Enquirer: 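Below you'll find the structure I mean.
The model shown is predicted, which means the values in this text are computed figures rather than measured ones.
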Amino acid sequence: MTPAELSAALRALLTDAVDDGTLPLSPADLPATVTVERPRSREHGDWATNVAMQLGKKAGMSPRALAELLQARLLALPGVSAVEVAGPGFLNITLDAAAAGELARTVVEAGTGFGRNETLAGQRINLEFVSANPTGPIHIGGVRWAAVGDSLARMLEASGAQVTREYYFNDHGAQIDRFARSLLARAKGEEAPEDGYGGQYISEIAEAVTERRRAEGLPAPLTLPQDEAQEVFRAVGVDLMFTEIKERLHQFGVDFDVYFHEDSLHSSGAVERAVARLRELGHIFEAEGATWLRTTDFGDDKDRVILKSDGHAAYIAGDLAYYLDKRERGFDRVIIMLGADHHGYIGRMMAMCAAFGDTPHVNLEILIGQLVNLVREGQPVRMSKRAGTVVTIDDLVDAVGVDAARYSLARSSTDSMIDLDLDLLTRASNENPVFYVQYAHARTVSVGRNAGELGVSRADGFDPALLDHTTESTLLAALGEFGRVVAQAAELREPHRVARYLEELAGAYHKWYDQRRVTPFGDEQVTDTHRTRLWLNDATRQVLANGLGLLGVSAPERM
RNA sequence: GCCCCCGUAGCUCAGUGGAUAGAGCAUCGGACUUCUAAUCCGCAGGUCGCAGGUUCGAAUCCUGCCGGGGGCGCCA
């Protein structure tokens, strides 16, 4: 029996109690889904529900009394072997081994689909993340969003949502001009301009631009007038950077469905259209030579300039047009992941959303994640694009590999800062729990391989009542939690929950492995015990693989 | 000054109002002449930053303070 089935049974049982008058409540008082969770301590049974405590007050009875009322009815359910009322009114439920063990077959038969749920079915979500400027390689801060964002996208999809991964490419404006001037200066052998970029990569790109021009038979950029030369460095340099970023992300296992170029919003007239729309809606005013959006009408702390007095669009103008564009492409939820250094944007972005007539925090959601801190020998390392002391996605991957990098970035809450110790990274980091999880997976594969060689086959038998060891009920309970964890991670936009869950599952598996043997000893006869344990082994393998897949981490067959 | 995040075991961190607050790493002591010892078992380790409040119940919610990080442009 899965916890979902148990939850549904509980719901039905409550409805019955309301219908026959034993429970003085109306059907509307009952929660849509009854919470069924693993109790903190295994001594409290396989599953627990707090529904009696939730309903006690409404029903005008003590939670314990209500729990006792439900106890007998629960016990009558097939597969339930014990029910006790505990503490303030918990109902602790123990399944008989056969009912609990049945889950092993459920998992194996569901295969890669196990854990999928439909809680977000029908939602069209646009998830924007990374969106690093094309003025340099993706640094360590951007990598966190690549790992977290892609994992979140996978979990949203596993929960039934239709997700588009999107990268906003800021190829317009003053920063790009600085990038172009830096390339030009370096090509001429000069120092980077005061407000420009200085890293080694600038030289490489400058050379690459010149090289590409030569390959295409076009005049060398430096022979052109200053303006034209700078434009060549801008256009070609951005394109090269774009290609490189795309490639690096691909190697990191992150592929976007849409790379959206900011410049296109300006060249297509989308910005003008968005401003015109807001003007129609009466939220635009002119002052001090500039055009403003009255965001204070929607809770922002000050109004915002969208068209500067010099005639150029302010940065937020692009955001307006971009948001409108996403909505017009049919997304009902626009999610943007930003670093903590951008949290000040939330107010104006939500105001902008409301100005368009949408609902802030529903149609537009902004996820703020804390920054990654680089540390070397306990001392913070300051990164600077200008000085070229940037730690990039490649540096990280070269040091620890994609799996360890993605896992370590995705396993903590985005609310907490991550300290990455550069010295620790360069050592073989056995400290990364990803190996604990991957090792568990490799073990399940190895066990399955040996079992097959010794003639143990799942098809020959399955007797779930044989899964009666304490490590087996713990492992089964952990397997049963997977779907709920995935749904919760998606709903709360907290992919780290899946990683934490996998560590727990891997632990439960290792403990089981230590206590119970799948393959027969020596010339021992193959029995249903071996076959049934193989089902459990393979069910665990499946969930570990599915979970690692949600994190974009490989599930190795050998280690 | 205002806004956001964090403060939990020696370290890194889980824990969206529930039971005796957990895991990994580190330390110490055990377990492989049979499915992977990258594992398992055991010991030890805590005023959940501090002080109030809300209630049957608070690490979790509210208020104030302390400490750390980030943000408050006609920059992008």
Side-chain angles (χ1 to χ4, degrees), chain A residues 37 39-41 43-44 48 50 53-54 56-57 62-64 86-90 92 133 135 170 172-178 195 262 287-292 301-302 304-310 312-316 318 339-347 368-371 373 380 408 411-419 421 424 429-433 435-440 442-451 453-454 456 471 488 491-492 494 496-497 499-501 503-504 506-507 509-522 524 530 533-534 537 558-559:
Chain A
E37 288 179 311
R40 197 191 294 281
S41 164
E43 290 157 26
H44 295 140
N50 61 354
M53 289 182 285
Q54 286 177 338
K57 192 169 275 182
S62 82
R64 283 196 66 103
F90 287 101
N92 292 333
N133 284 339
T135 53
N170 301 124
H172 181 92
Q175 258 186 129
I176 290 297
D177 293 341
R178 285 205 283 276
D195 58 354
E262 181 189 4
E288 299 162 44
T291 301
W292 300 65
D301 42 18
K302 58 182 80 161
R304 304 292 170 177
V305 168
I306 51 177
L307 299 177
K308 298 189 275 187
S309 51
D310 67 4
H312 287 101
Y315 185 76
I316 192 175
D341 51 340
H342 287 73
H343 113 269
Y345 290 10
I346 297 177
I368 295 296
Q370 300 302 308
L371 305 175
N373 218 2
S408 60
R411 81 182 282 267
S412 356
S413 159
T414 52
D415 279 345
S416 58
M417 280 186 295
I418 295 182
D419 282 345
D421 190 311
L424 218 72
S429 68
N430 212 0
E431 287 155 45
N432 196 321
F435 301 119
Y436 184 78
V437 178
Q438 288 185 314
Y439 183 66
R443 226 179 199 184
T444 61
V445 173
S446 167
V447 167
R449 199 162 39 224
N450 293 327
E453 284 166 9
L454 292 171
V456 182
T471 58
Q488 191 179 42
E491 204 166 332
L492 299 174
E494 293 182 349
H496 73 277
R497 288 171 182 274
R500 298 296 172 156
Y501 163 81
E503 289 167 30
E504 190 191 330
Y509 176 75
H510 286 311
K511 287 173 174 64
W512 174 69
Y513 173 90
D514 195 60
Q515 295 291 317
R516 285 292 179 261
R517 215 188 142 80
V518 174
T519 57
F521 269 105
E524 196 186 346
H530 303 117
R533 287 177 184 168
L534 181 59
N537 179 79
R558 292 176 205 273
M559 281 176 77

Enquirer: Is there a Watson-Crick or G-U wobble partner for B/rC61 with both distances under 3.5 Å, and which nucleotide is it?
Expert: B/rG53
Enquirer: Show the nearest heavy-atom pair for residues A/N432 and A/S408, with the distance to one decimal.
Expert: ND2-CB, 3.6 Å
Enquirer: Indicate, with a heavy-atom threshold strictly under 4.0 Å, whether A/N92 touches base, sugar-phosphate, or nothing.
Expert: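 A/N92: base contact, heavy atoms under 4.0 Å.
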Enquirer: What nucleotide, of B/rC13, B/rA19, B/rU36, holds the atom closest to the side chain of A/P39?
Expert: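 Of the options given, the side chain of A/P39 lies nearest B/rA19.
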Enquirer: Who is the Watson-Crick or G-U wobble partner of B/rA9, with both distances under 3.5 Å?
Expert: none
Enquirer: For A/L534 and A/G448, which heavy atoms make the closest approach, and how far apart are they?
Expert: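 Heavy atoms only, the tightest pair is CD1-CA, 4.1 Å.
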Enquirer: Less than 4.0 angstrom between a side-chain N/O of A/R411 and OP1 or OP2 of B/rG24, yes or no?
Expert: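 A/R411 to B/rG24 OP1/OP2: no side-chain N or O under 4.0 Å.
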Enquirer: Could you state the atom-to-atom distance from CD1 of A/I368 to C1' of B/rC72 in whole Å?
Expert: 13 Å
Enquirer: Picking from B/rU16, B/rC40, B/rU36, which would you name as closest to the side chain of A/R497?
Expert: B/rU16
Enquirer: Given B/rU34, B/rU36, B/rC13, which nucleotide is nearest the side-chain atoms of A/V447?
Expert: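 From the listed options, B/rU36 comes nearest.
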Enquirer: Checking contacts here: which listed nucleotide (B/rU36, B/rG15, B/rU34) is nearest the side-chain heavy atoms of A/H496?
Expert: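 The answer is B/rG15, which lies nearest to the side chain.
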Enquirer: Determine the interatomic distance between P on B/rC48 and the same-named atom on B/rG71; round to the nearest Å.
Expert: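 The same atom, P, in both gives a distance of 32 Å.
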Enquirer: A/S413 has a side chain; which of B/rU39, B/rA19, B/rA14 sits nearest to it?
Expert: B/rA14
Enquirer: Taking only the P atom of each, what is the distance from B/rG15 to B/rG53 in whole angstrom?
Expert: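 Nearest-Å result for B/rG15 against B/rG53 at atom P: 28 Å.
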Enquirer: Between atom CG in A/N170 and atom P in B/rC75, what is the gap in whole Å?
Expert: 16 Å
Enquirer: When the distance from CZ of A/F521 to C1' of B/rC32 is rounded to whole Å, what number comes out?
Expert: 12 Å
Enquirer: When you match A/E503 and A/P520 each to their closest nucleotide on RNA chain B, which lands nearer the 5' end?
Expert: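 Final value for this comparison: A/E503.
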Enquirer: Check every atom of B/rU16, B/rG70, B/rU36 against the side chain of A/Q488 and return the nucleotide holding the closest atom.
Expert: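 Nearest listed nucleotide: B/rU16.
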Enquirer: Given atom OH of A/Y509 and atom P of B/rU39, what is their separation to the nearest angstrom?
Expert: 14 Å
Enquirer: Is there a donor and acceptor pair, one atom on the side chain of A/H343 and one on the base of B/rG71, closer than 3.5 Å?
Expert: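 No.
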Enquirer: Is the shortest side-chain N/O distance from A/K511 to OP1 or OP2 of B/rC41 below 4.0 Å?
Expert: yes
Enquirer: Is there a Watson-Crick or G-U wobble partner for B/rU34 with both distances under 3.5 Å, and which nucleotide is it?
Expert: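 Pairing partner, where one exists within any strand: none, as none qualifies.
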Enquirer: Go through B/rU16, B/rA37, B/rC74 for me and flag the one nearest to the A/L492 side chain.
Expert: B/rU16
Enquirer: Tell me: CD1 of A/I316 to P of B/rC75, nearest whole Å?
Expert: 13 Å
Enquirer: What are the atom names and distances for every N/O pair under 3.5 Å that joins the protein to nucleotides 5-9 of chain B?
Expert:
residue : atom : partner : partner atom : Å
B/rC5   : O4'  : A/Q370  : NE2          : 3.4
B/rC5   : O2'  : A/D415  : O            : 2.2

Enquirer: Determine, for A/Y509 and A/R443, whether the Lys NZ or Arg CZ falls below 6.0 Å from the six-membered ring centre while staying within 45 degrees of the axis.
Expert: no
Enquirer: What is the distance, to the nearest angstrom, from the CD atom on A/E453 to the C1' atom on B/rU34?
Expert: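 In whole Å, B/rU34 C1' and A/E453 CD are 14 Å from each other.
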Enquirer: Scan A/A451 against the nucleic acid and name what it touches under 4.0 Å (heavy atoms): base, sugar-phosphate only, or nothing.
Expert: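 If one applies the 4.0 Å heavy-atom cut-off, A/A451 turns out to touch nothing in the nucleic acid.
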Enquirer: To the nearest 0.5 Å, how far apart are OH in A/Y315 and NZ in A/K308?
Expert: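 Rounded to the nearest 0.5 Å, the OH-NZ separation comes to 12.5 Å.
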Enquirer: In Å, rounded to the nearest 0.5 Å, how long is the span from CG of A/L307 to CD1 of A/I316?
Expert: 11.0 Å
Enquirer: A/S412 near the nucleic acid: base, sugar-phosphate alone, or nothing, with a heavy-atom cut-off under 4.0 Å?
Expert: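 The answer is sugar-phosphate, as A/S412 gets under 4.0 Å only of primed atoms, P, OP1 or OP2.
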Enquirer: What nucleic acid atoms does A/G448 come within less than 4.0 Å of, heavy atoms only: base, sugar-phosphate, or nothing?
Expert: nothing
Enquirer: Using Watson-Crick or G-U wobble geometry with both distances below 3.5 Å, tell me the partner of B/rU47, or none.
Expert: none
Enquirer: Could you tell me how far B/rA19 sits from B/rG57 if I compare only their P atoms? Round to whole Å.
Expert: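 Taking atom P in both B/rG57 and B/rA19, they lie 14 Å apart.
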Enquirer: With rounding to whole Å, what would you report as the distance between B/rG10 and B/rG69 at their P atoms?
Expert: 23 Å
Enquirer: Between atom NE2 in A/H342 and atom P in B/rC72, what is the gap in whole Å?
Expert: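 Spelled out: NE2 on A/H342 to P on B/rC72 is 9 Å.
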Enquirer: Establish, with yes or no, whether the OP1 or OP2 oxygen of B/rA37 is under 4.0 angstrom from a side-chain nitrogen or oxygen of A/Y513.
Expert: yes
Enquirer: Could you tell me which non-hydrogen atom of A/A290 sits nearest to which non-hydrogen atom of A/S309, and how far apart they are?
Expert: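 Nearest heavy atoms, A/A290 then A/S309: CB-N, 3.9 Å.
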Enquirer: Under 5.5 Å between ring centres and under 30° between planes: does that hold for A/H44 against the base of B/rA19?
Expert: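 Ring-base stacking flag set for A/H44 and B/rA19.
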Enquirer: Once you apply the 3.5 Å cut-off to both distances, tell me the Watson-Crick or G-U wobble partner of B/rC2, or none.
Expert: B/rG71
Enquirer: Between B/rU39 atom P and A/Q515 atom CD, what is the distance in whole Å?
Expert: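 My rounded result for the distance is 17 Å.
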Enquirer: A/N537 side chain to A/T444 main-chain N or O, any donor-acceptor pair under 3.5 Å?
Expert: yes
Enquirer: Looking across every strand, which nucleic acid part, if any, lies under 4.0 Å from A/Q438 by heavy atom: base, sugar-phosphate, or nothing?
Expert: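 Nothing: the residue A/Q438, judged by heavy atoms under 4.0 Å, touches no strand.
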Enquirer: Can you measure from CZ (A/R517) to CD (A/E524) and round to the nearest 0.5 angstrom?
Expert: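 Reported to 0.5 Å precision, the distance equals 8.0 Å.
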Enquirer: Can you check the distance between B/rU27 and B/rG45, where both ends of the measurement are the C1' atom (answer in whole Å)?
Expert: 10 Å
Enquirer: Locate the shortest heavy-atom distance separating A/H496 from A/S413; write the atom from each residue and the value.
Expert: ND1-CA, 3.6 Å
Enquirer: Does A/R500 reach the main-chain N or O of A/R411 with its side chain, forming a donor-acceptor pair under 3.5 Å?
Expert: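 At least one qualifying donor-acceptor pair exists.
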Enquirer: When you compare B/rA14 with B/rG30, how far apart are their P atoms, in angstrom units rounded to a whole number?
Expert: 35 Å
Enquirer: Measure from the side chain of A/R500, starting at C-beta and using heavy atoms only, and say which of B/rC40, B/rA19, B/rA14 lies closest.
Expert: B/rA14
Enquirer: Categorize A/R516 for me: base, sugar-phosphate, or nothing, with a 4.0 angstrom heavy-atom threshold over every strand shown.
Expert: base
Enquirer: What nucleic acid atoms does A/G344 come within less than 4.0 Å of, heavy atoms only: base, sugar-phosphate, or nothing?
Expert: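 It contacts sugar-phosphate atoms only.
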Enquirer: Between B/rA58 and B/rG42, how far apart are the P atoms? Round to whole Å, please.
Expert: 31 Å
Enquirer: Quick check for you: among B/rC40, B/rA19, B/rA38, whose closest atom lies nearest to any side-chain atom of A/D514?
Expert: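 The closest nucleotide is B/rC40.
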Enquirer: Would the base of B/rU39 count as contacting A/Y436 through its side chain, where contact means a donor and an acceptor less than 3.5 Å apart?
Expert: no
Enquirer: Mind checking the P distance from B/rA37 to B/rU20? Whole angstroms is fine.
Expert: 37 Å
Enquirer: Within the structure shown, what part of the strands sits under 4.0 Å from A/A442 by heavy-atom distance: base, sugar-phosphate, or nothing?
Expert: base
Enquirer: Which atom names give the shortest non-hydrogen contact between A/M53 and A/P88, and what distance separates them?
Expert: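 The pair with the smallest heavy-atom distance is SD-CG, 3.6 Å.
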Enquirer: Touch check for A/R178, heavy atoms < 4.0 angstrom, all strands: base, sugar-phosphate only, or nothing?
Expert: nothing
Enquirer: Nearest of B/rC75, B/rU16, B/rU36 to any side-chain atom of A/K308?
Expert: B/rC75
Enquirer: Quick check: on RNA chain B, is the nucleotide nearest A/A48 upstream (toward 5') of the one nearest A/A506, or the reverse? Name the residue that is more 5'.
Expert: A/A48
Enquirer: Which atoms form the tightest heavy-atom contact between A/Q175 and A/N133, and what is the distance?
Expert: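 That would be NE2-ND2, 2.9 Å.
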